[in-house]
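Reading through the structure tokens given below for one structure.
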Amino acid sequence: MKIINRVDDLRDLVAEARKAGKTIGLVPTMGALHPGHLSLVERARLDTDLVVVSVFLNPTQFNNPEDLRTYPRTVEADVALLEQAGVDIAFVPTVEQMYPEPDERVFDLGNVMRVMEGEMRPGHFNGVCQVVSKLFEMSQATHAYFGEKDFQQIAVVRAMAKQMGFDLEIISCPVVRESDGLARSSRNVRLTPEARRVAPAIYATLKASIDFARHHTVQQTVDWVTATINAYPEMEVEYYSVVDGVTLEPVSTWDDSNYIVGCITVYCGDVREIDNITYRKVVNPR
């Protein structure tokens, strides 16, 4: 595995690979790697000839300076994991390499970047678009891999790639969970023992809501999920939105869309956990 810190070195390596007709799989990460990230690497290895994993804690997507300060930093361990996973290139740039000049670009992608996380974390998705567009261009990726835990982020990245004309395939990969159902996240290491004990109730409640929804309205389901999780003293729902899985527009009835997803953010103590559940997905409806 090659460990690359300079953008020019990455450009040279991927240009050589593309000239040889190779496909390039990109897995963008912010480090603090866990099995969820490694599942993306595994998929990229199956699909592509050259796997590039970026490890870069992007400051422009943090609207909360405290969140940036406390985000886990484990670069040496991350690089060791990537080597064991068979990655070809670990791209570990500095902020100065990624942003030699301030990135003043402002993206307007419509509703997908305004609702839910976009509303709660102003500027977050603009920062995501800044860094991901840079990584797409620098890596010359033919495929890029993202985890479905960050459901809204995938919709935003797809919209950005379409708007900017990137010629690559964006592949979403299933959520990887702990044995008790908690979605794997770099932030999980910050959970207190009490919060970690109750956090699996987020996904347990989402799963139970599928049966609940069969006999209740969308709003009743939202209210039930929210009340069930809020019954735990250690947890507080920031929002629970049931939306069209493509446009992220809210739905009011279960017949409003062929693809309906519930997206939730919960504070477990001081740690913000996100997750989602699919209520309806009809492929190629007649």
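All figures in this text were calculated on a predicted structure; none of them were measured in a lab.
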R280 and D256 ion-paired at < 4.0 Å: no
Pairwise side-chain contact, C129 with V156, heavy-atom cut-off 4.5 Å (strictly under): yes
Under-4.0 Å salt bridge between E119 and R114: no
Smallest separation among heavy atoms of G31 and H37, with atom names: O-CE1, 3.9 Å
Given V132, I170, L135, the one that forms side chain to side chain contact (heavy atoms under 4.5 Å, CB included) with L26: L135
Minimum heavy-atom distance between S186 and V189, given as atom pair plus value: O-CG2, 3.4 Å
Path from V52 to V87 over hydrophobic side-chain contacts below 4.5 Å: no
Side chains of C173 and L40 in contact at under 4.5 Å (non-hydrogen atoms): yes
Minimum heavy-atom distance between L50 and I89, given as atom pair plus value: CD2-CD1, 4.0 Å
Gap separating the CE atom of M120 from the CG atom of N64, nearest 0.5 angstrom: 14.0 Å
Donor on one side chain, acceptor on other, T278 and Y259, under 3.5 Å: no
From CA spacing to verdict: salt bridge (Lys or Arg N to Asp or Glu O under 4.0 Å), R187, D67: CA-CA 10 Å; R187 290 181 171 87; D67 193 20; 2.9 Å; yes
CD (E16) with more than 12 external heavy atoms under 6.0 Å: no
Same cluster (ILVMFWY, side-chain, under 4.5 Å), V92 and L82: yes
Heavy-atom neighbours of E42 CD exceed 12 at 6.0 Å: no
Q153 side, atom CD; H124 side, atom NE2 - distance, nearest 0.5 Å: 6.0 Å
Minimum side-chain heavy-atom gap I277-V261 below 4.5 Å: no
4.5 Å side-chain heavy-atom contact, F91 and V53: no
Within 6.0 angstrom of D223 CG, more than 12 heavy atoms from elsewhere: yes
Below 3.5 Å, can you tabulate the donor-acceptor pairs from side chains in residues 225-235 to any protein atom, sequence neighbours excluded?
from : atom 1 : to   : atom 2 : distance (Å)
T226 : OG1    : V222 : O      : 2.8
T228 : OG1    : W224 : O      : 2.7
N230 : OD1    : V237 : N      : 2.8
N230 : ND2    : T226 : O      : 3.4
E234 : OE2    : R197 : NH2    : 3.4

Lys/Arg-Asp/Glu bridge criterion (N-O < 4.0 Å) met for R272, E117: yes
Within-4.5 Å side-chain heavy-atom neighbours: C268 and V198: no
Main-chain N/O of A85 paired with R45 side-chain donor or acceptor, under 3.5 Å: yes
Partners meeting side-chain contact (heavy atoms from CB on, under 4.5 Å) with Q130 (sequence neighbours left out): T60, Y99, D103, R105, F107, N126
Note, F151 side chain near V175 side chain (heavy atom, < 4.5 Å): no
Electrostatic pair R73-D78, nearest N-O below 4.0 angstrom: no
Whether H143 and Y145 hold their rings parallel, tilted or perpendicular, with breakpoints at 30° and 60°: parallel
With sequence neighbours excluded, residues passing salt bridge (charged side-chain N to carboxylate O under 4.0 Å, His left out) with D47: R43
Nearest-0.5 Å distance, CG of residue L168 to OG1 of residue T23: 12.0 Å
Verdict with reasoning, K22 to D88, per salt bridge (Lys or Arg N to Asp or Glu O under 4.0 Å): CA-CA 13 Å; K22 292 183 178 181; D88 298 294; over 6 Å; no
Counterpart residues, side-chain hydrogen bond (donor to acceptor under 3.5 Å, both in side chains), relative to E236 (two or more places apart): none
Worked verdict on Y71 versus L57 for side-chain contact (heavy atoms from CB on, under 4.5 Å): CA-CA 8 Å; Y71 197 89; L57 188 56; 3.4 Å; yes
Salt bridge (charged side-chain N to carboxylate O under 4.0 Å, His left out) partners of residues 154-169, not counting sequence neighbours, each pair once: none
Path from Y203 to I260 over hydrophobic side-chain contacts below 4.5 Å: yes
For E137, side-chain hydrogen bond (donor to acceptor under 3.5 Å, both in side chains) partners two or more places apart: R11
Side-chain heavy-atom pair V243, V251 within 4.5 angstrom cut-off: no
E66 atom CD, over 12 foreign heavy atoms within 6.0 Å: yes
Whether S139 side chain and A141 backbone form a donor-acceptor pair below 3.5 Å: yes
Side chain Q140, main chain V14, donor-acceptor under 3.5 Å: no
Shared hydrophobic cluster, V95 / F62 (ILVMFWY, side-chain heavy atoms < 4.5 Å): no
side-chain contact (heavy atoms from CB on, under 4.5 Å) between D244 and T247, intermediate numbers included: CA-CA 6 Å; D244 180 282; T247 67; 3.3 Å; yes
Under 3.5 Å: donor-acceptor pair, side chain of T94, backbone of Q97: yes
4.5 Å side-chain heavy-atom contact, N188 and L182: yes
Nearest-0.5 Å distance that lies between atom CG in D150 and atom CD1 in I274: 4.0 Å
Heavy-atom donor-acceptor pair, K134 side chain to M98 backbone, under 3.5 Å: yes
Interatomic distance, D211 atom CG to R214 atom CZ [nearest 0.5 angstrom]: 4.5 Å
Exam field: side chain N63 to backbone G123, donor-acceptor pair closer than 3.5 Å: no
Non-hydrogen atoms of R177 and N276 that approach each other most closely: NH2-O, 3.9 Å
Parallel, tilted or perpendicular, as decided by the 30° and 60° cut-offs, for the rings of W254 and Y279: tilted
Distance (rounded to the nearest 0.5 Å) between F146 CZ and I154 CD1: 8.0 Å
Check against side-chain contact (heavy atoms from CB on, under 4.5 Å), E238 and V266: CA-CA 5 Å; E238 184 174 44; V266 181; over 6 Å; no
Any donor-acceptor pair under 3.5 Å from D9 side chain to I4 backbone: no
Distance-minimising heavy-atom pair for Q220 and F212: O-CE2, 3.6 Å
V115 with V112, same ILVMFWY side-chain cluster at under 4.5 Å: yes
Considering all heavy atoms, the nearest D275-A183 contact: OD2-CB, 4.0 Å
